[in-house]
Amino acid sequence: MSAEHIIFAALRSLVADRVYPDVAPAGAALPRIVYQQVGGRSMQYSEGNLATSENARMQLVCWATTREAATTLAKQAEDALLAAAGCTVEPLGQRIARFEEDTGLRGAQQDFSITSPR
């Protein structure tokens with residue numbers, strides 16, 4: 001299962017399926033979670049063996065109308081990802097506060113390393 005599938009499956013119940021890759025659609029309801037792959041570790045080996053797993057560095061941003069709501073959602077998202085079955089999830093640092101000036105939305109951003117079967 002890919003990191004994208006893992007994220008959606010683990011987080012969908014927190015935000016009534018409002019989990020979006022890259023960018024939320026215009027007018028998407030709140031709260032919502034947006035994720036993007038921003039790298040990962042290569043799992044290929046020089047001896048020519050095919051890797052049986054893959055790694056993705058995934059960046060999540062939890063959006064809400066208040067800082068408190070965004071932070072609470074981000075904590076719930078972290079807990080849900082760490083409990084996800086069939087993969088290894090590692091938080092890569094703590095949350096970063098976000099503010100979207102044109103909409104006034106508040107966000108909480110966090111990166112995760114997700115290793116899953118290939």
Would you give me the side-chain donor-acceptor pairs under 3.5 Å for residues 8-26, sequence neighbours excluded?
residue : atom : partner : partner atom : Å
Arg12   : NE   : Asp17   : OD1          : 2.8
Arg12   : NH2  : Asp17   : OD1          : 3.2
Arg12   : NH2  : Asp17   : OD2          : 3.3
Arg18   : NE   : Val15   : O            : 3.4
Arg18   : NE   : Ala29   : O            : 3.3
Arg18   : NE   : Pro31   : O            : 2.8
Arg18   : NH2  : Leu30   : O            : 3.3
Arg18   : NH2  : Pro31   : O            : 3.1

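For the pair Thr115 and Arg41, the minimum side-chain heavy-atom distance is below 4.5 Å. Side chains of Trp63 and Arg106 form no contact here, defined as non-hydrogen atoms less than 4.5 Å apart.
For the 3.5 Å distance criterion, the side chains of Glu68 and Thr71 fail to qualify, holding no donor opposite an acceptor.
The two residues Gln109 and Gln59 make their nearest non-hydrogen contact at NE2-NE2, 3.2 Å. Across Ala108 and Ala70, no two heavy atoms sit closer than the pair CB-O, 3.7 Å. Heavy atoms only, all atoms of each residue included: Ser2 and Glu54 are closest at CA-OE2, 4.0 Å. Across every non-hydrogen atom of Cys62 and Ala74, the tightest pair is SG-CA, 3.6 Å. Of all non-hydrogen atoms in Gly107 and Val61, the two that sit nearest each other are CA-CG1, 4.4 Å.
Here the straight-line distance linking atom CD1 of Ile7 with atom CD of Gln37 works out to 8.5 Å at 0.5 Å rounding. Remark: Arg67 CZ to Leu105 CG distance equals 10.5 Å, nearest 0.5 Å.
Residues Tyr35 and Met1 share a single hydrophobic cluster, defined by chaining ILVMFWY side chains whose heavy atoms lie under 4.5 Å apart.
With hydrogens and angles ignored, the 3.5 Å screen pairs no side-chain donor or acceptor of Ser113 with any backbone N or O of Arg57. Formation of a donor-acceptor pair under 3.5 Å by the Glu100 side chain with backbone atoms of Asp102 is not found in this model.
Applying the side-chain contact (heavy atoms from CB on, under 4.5 Å) rule to Val89 yields the partners Leu81, Leu82, Cys87, Phe112, Ile114; only residues at least two apart in sequence or on another chain are considered. For the side chain to side chain donor-acceptor pair (under 3.5 Å) test, no residue two or more places apart in sequence or in another chain qualifies with Gln110.
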(request) Check step by step if side chain to side chain contact (heavy atoms under 4.5 Å, CB included) holds for Leu60 and Val34. (result) CA-CA 6 Å; Leu60 270 66; Val34 177; over 6 Å; no

